[in-house]
Amino acid sequence: MRLERSCKHLDKIENIGVILRPQSPELKNVYFKIEAMFLEKNINLILEENSANMIEKQGIDFDTLCKKVDFLISIGGDGTLLGLARKAFKYDLPVLGINLGTLGFLTDLSMEQLPKFIDDLLKDDYKINPRMIIEGQIKDKKFIAFNDIVISRKNLSTMLEVRAKIDKKAFNTYFGDGLIVSTPSGSTAYNLSVGGPIVYPLTNAFIITPIAPHSLTQRPIVVPADFEIEFKVTKDTGAVVIIDGQELYDLNKDEIIKIKIATKKSKMLHRSSRDFFEVLSEKLRWGN
Ligand SMILES: NC(=O)c1ccc[n+]([C@@H]2O[C@H](COP(=O)([O-])OP(=O)(O)OC[C@H]3O[C@@H](n4cnc5c(N)ncnc54)[C@H](O)[C@@H]3O)[C@@H](O)[C@H]2O)c1
Ligand SMILES: Nc1ncnc2c1ncn2[C@@H]1O[C@H](COP(=O)(O)OP(=O)(O)OP(=O)(O)O)[C@@H](O)[C@H]1O
């Protein structure tokens with residue numbers, strides 16, 4: 001398909017690391033089914049230790065796991081895959097999502113599609129898409145986001161005032177509930193709910209979308225991937241920064257959060273037939 005880019009394929013497929021959705025011991029039987037499907041093709045699954053403990057199996061810690069495996073599988077929903085993609089990023093390992101969650105927008109495969117996918121995998125028929133990652137920094141604390149970084153008001157009864165600079169030049173002051181800085185992959189998450197644009201996942205850009213802005217002219221803006229952005233909360237009303245809905249930091253008055261696109265990309269393993277517009281149609285009911 002046009003615009004599709006693929007990373008280098010895997011050198012070998014012998015060992016795969018597995019992470020299960022937390023607090024879901026009911027995934028035990030599903031895991032055994034998946035393990036049997038891979039074992040039949042002489043591929044070993046190795047469980048990460050927290051997932052293993054949850055279903056009373058043996059596992060190894062995440063760092064050791066990443067040194068042993070050829071790629072990683074998340075079994076759960078989008079949240080589990082997001083958590084895994086963020087952790088796998090520094091090891092440069094591709095991640096595949098098997099969907100046992102509710103929406104499963106990012107997760108590629110259903111249990112029904114898995115047997116064919118394993119056959120295709122062994123025929124080198126799959127794709128590894130590069131996904132843009134956002135890097136954020138507040139003082140010395142650095143973090144990464146796959147979907148989005150949200151600057152949100154902490155106090156429900158007051159409005160947030162956030163000054164924004166692009167490439168060190170002031171460009172806007174946002175008044176409202178906050179704002180979302182989203183990657184193209186994250187554009188279909190919170191960004192979409194507050195009226196932001198859907199951006200094709202492999203586009204080289206990121207999106208700044210105000211949340212409930214108190215001005216009719218405040219609109220989402222799509223900016224090139226090499227811009228560096230800074231935000232500063234200018235009133236003492238209390239603000240929080242939320243990364244992919246999973247990590248949270250306070251942002252005090254006059255503290256600066258710096259945001260830019262990481263030079264490295266995250267790697268998502270997909271069926272070669274996966275098509276973004278089909279996902280929109282199936283999951284978001286486009287055209288229905
Ligand atoms: N009002 C909202 O829509 C809202 C509010 C808070 C957070 N979020 C989103 O939730 C994300 C975290 O997801 P989660 O699954 O861990 O939490 P969650 O379980 O609270 O899920 C939020 C929903 O967003 C979906 N989702 C997540 N990433 C997506 C993506 N890239 N494209 C389309 N849908 C996606 C999930 O499947 C789920 O249905 C955050 O990154 C943020 O974007 C959305
Ligand atoms: N590694 C993780 N770190 C933090 N939270 C996580 C992690 N994995 C999963 N969660 C959280 O657990 C909850 C449920 O997980 P998940 O999103 O995978 O399932 P779901 O909600 O059934 O599926 P979906 O997100 O596709 O609707 C989510 O709120 C998610 O953010």
Side-chain angles (χ1 to χ4, degrees), residues 17-27 30-31 47-51 53-54 61-62 65-66 72-90 95-111 129 131-134 136 143-154 176-203 206-212 220 240-249 259 266 268 270 274 276-286:
V18 178
I19 275 74
L20 304 176
R21 181 173 56 214
Q23 275 122 39
S24 310
E26 71 281 4
L27 292 179
V30 180
Y31 172 73
L47 275 166
E48 178 273 335
E49 65 184 354
N50 295 317
S51 300
N53 290 342
M54 186 177 79
D61 69 89
F62 189 75
L65 180 75
C66 287
L72 293 159
I73 291 181
S74 124
I75 302 176
D78 288 329
T80 313
L81 182 62
L82 274 174
L84 178 59
R86 302 174 68 232
K87 279 168 72 185
F89 180 63
K90 74 172 175 181
V95 294
L96 167 77
I98 298 179
N99 184 26
L100 286 156
T102 35
L103 179 64
F105 191 92
L106 298 168
T107 48
D108 195 19
L109 282 182
S110 64
M111 277 301 278
N129 282 159
R131 301 286 188 130
M132 195 177 283
I133 290 286
I134 305 179
F143 38 82
I144 58 150
F146 182 94
N147 263 354
D148 44 33
I149 294 181
V150 179
I151 303 175
S152 176
R153 65 188 173 139
K154 200 172 180 182
D177 286 0
L179 57 94
I180 302 165
V181 182
S182 162
T183 60
S185 300
S187 69
T188 43
Y190 199 177
N191 167 70
L192 182 74
S193 307
V194 297
I198 294 178
V199 177
Y200 192 84
L202 308 178
T203 310
F206 56 121
I207 311 141
I208 307 168
T209 302
I211 308 170
V240 280
V241 172
I242 307 154
I243 297 114
D244 286 339
Q246 297 189 345
E247 216 177 314
L248 214 118
Y249 300 100
I259 295 177
S266 167
M268 279 275 182
H270 293 297
R274 185 182 191 265
F276 180 63
F277 296 105
E278 268 171 35
V279 179
L280 287 182
S281 158
E282 187 194 330
K283 308 281 180 180
L284 301 186
R285 308 255 167 263
W286 263 37

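Just follow the structure's listing: the first ligand is 1, and inside any ligand the first atom is 1.
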Colleague: Against heavy atoms of Asp244, which atoms of ligand 1 measure under 4.0 Å?
Modeller: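 In order of number, 12 (C), 40 (C), 41 (O).
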Colleague: With a cut-off of 4.0 Å, which atoms of ligand 2 are near a heavy atom of Gly104?
Modeller: 26 (O)
Colleague: Return the closest protein heavy atom for atom 3 (O) of ligand 1 as residue, atom name and distance.
Modeller: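 Looking at atom 3 (O) of ligand 1, the protein heavy atom closest to it is Ser193 OG, 2.5 Å.
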Colleague: For Ser185, take its heavy atoms, then give the atoms of ligand 1 lying under 4.0 Å from any of them.
Modeller: 30 (C), 31 (N)
Colleague: Can you pull out the closest protein heavy atom to atom 28 (N) of ligand 1? Residue, atom name and distance to 0.1 Å, please.
Modeller: Asn147 ND2, 2.9 Å
Colleague: For Phe276 and Phe105, take the angle between the two ring planes, folded into 0 to 90°, and tell me which bin it lands in: parallel under 30, tilted 30 to 60, perpendicular over 60.
Modeller: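 Rings of Phe276 and Phe105: perpendicular, as their planes differ by over 60°.
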Colleague: Give the residue and atom name of whichever protein heavy atom lies nearest to atom 29 (C) of ligand 1, and the separation in Å to one decimal.
Modeller: Ala189 CB, 3.5 Å
Colleague: Out of Leu84, Ile19, Thr102, whose heavy atom is nearest to atom 24 (P) of ligand 2?
Modeller: Thr102
Colleague: Considering the heavy atoms of Pro22, write down every atom of ligand 2 situated less than 4.0 Å from one of them.
Modeller: 8 (N), 9 (C)
Colleague: Which protein non-hydrogen atom lies closest to atom 16 (O) of ligand 1, naming both residue and atom, and how far is it?
Modeller: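 For atom 16 (O) of ligand 1, the nearest protein heavy atom comes out as Gly79 CA, 3.1 Å.
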Colleague: If you have a sec, work out which protein heavy atom is nearest atom 13 (O) of ligand 1 and how many Å separate them, to one decimal?
Modeller: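 Ranking protein heavy atoms by distance from atom 13 (O) of ligand 1, first comes Leu82 CD1, 3.6 Å.
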Colleague: Please report the C-alpha distance between Tyr249 and Phe143 in whole Å, then the side-chain angles of each, then the deciding distance to 0.1 Å, and finally whether the ring pair (Phe, Tyr, Trp, His ring centres under 6.0 Å) criterion is met.
Modeller: CA-CA 10 Å; Tyr249 300 100; Phe143 38 82; 5.2 Å; yes
Colleague: Please determine, by modelled atom types, if Ser266 and Arg131 share a side-chain donor-acceptor pair under 3.5 angstrom.
Modeller: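 No - no donor-acceptor pair under 3.5 Å links their side chains.
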Colleague: Return the closest protein heavy atom for atom 43 (O) of ligand 1 as residue, atom name and distance.
Modeller: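 Closest protein heavy atom to atom 43 (O) of ligand 1: Asp148 OD2, 2.4 Å.
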Colleague: Any protein heavy atom at under 4.0 Å, with atom 12 (O) of ligand 2 as the reference point?
Modeller: no
Colleague: With heavy atoms of Gly83 as the reference, note each atom of ligand 2 found under 4.0 Å away.
Modeller: 1 (N)
Colleague: For atom 7 (C) of ligand 1, find the nearest protein heavy atom and state the residue, atom name and distance (0.1 Å precision).
Modeller: Tyr190 CD1, 4.0 Å
Colleague: Going by the atom numbers of ligand 2, which of them fall below 4.0 Å from some non-hydrogen atom of Arg21?
Modeller: 14 (C), 15 (O), 16 (P), 18 (O), 19 (O), 22 (O)
Colleague: Can you tell me which residue and heavy atom of the protein come closest to atom 33 (C) of ligand 1, and the distance to 0.1 Å?
Modeller: Thr188 O, 3.1 Å
Colleague: Looking at Asp78, which atoms of ligand 1 are within less than 4.0 Å of one of its heavy atoms?
Modeller: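 What qualifies from ligand 1 is 15 (O), 25 (C), 26 (N), 27 (C), 35 (C), 36 (C), 37 (O).
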Colleague: Is there a donor-acceptor contact under 3.5 Å linking the side chains of Thr209 and Asn191?
Modeller: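 Yes, side-chain donor-acceptor contact under 3.5 Å.
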